[in-house]
Amino acid sequence: MDSTYQGQETLNQRLDLLNKQVEKIKRTILEQQNYIEQINKKIKVLNGEKETRER
């Protein structure tokens, strides 16, 4: 059974768990955004090198 539908006894624990999951997902998203920024910088550098060689 999904813990969302358990009784009041575990309400605080379930809310805590869900809030922790949200925070973990937010951290993962931030990490991925940082990776994208790093990759985009590398792409920009490589495109610059490519343009220089094509001249």
Rounded to the nearest 0.5 Å, how far apart are CD of Gln32 and CD1 of Ile36?
7.0 Å
For a quick test of reading the model, state the closest non-hydrogen atom pair linking Glu9 to Gln13 and the distance between them.
O-OE1, 3.4 Å
ILVMFWY cluster membership beyond Leu11 - transitive side-chain contacts under 4.5 angstrom:
Leu15
Mind checking side chain to side chain contact (heavy atoms under 4.5 Å, CB included) for Ile39 and listing every partner two or more places apart, or none if nothing turns up?
Ile43
Would you compute the distance between atom CG of Asp16 and atom OG1 of Thr10 and round it to the nearest 0.5 angstrom?
12.0 Å
Run the side chain to side chain contact (heavy atoms under 4.5 Å, CB included) test against Gln33 and tell me which residues pass, sequence neighbours left out.
Ile29, Leu30
Residues pairing under salt bridge (Lys or Arg N to Asp or Glu O under 4.0 Å) where one sits in residues 22-43, two or more places apart or in two chains, turn out to be Glu23-Lys26
Besides Val22, the hydrophobic cluster formed by Ile, Leu, Val, Met, Phe, Trp and Tyr side chains linked at under 4.5 Å, directly or via other members, contains none
Strictly by salt bridge (Lys or Arg N to Asp or Glu O under 4.0 Å), give each pair with a member in residues 43-54 just once, sequence neighbours left out.
none
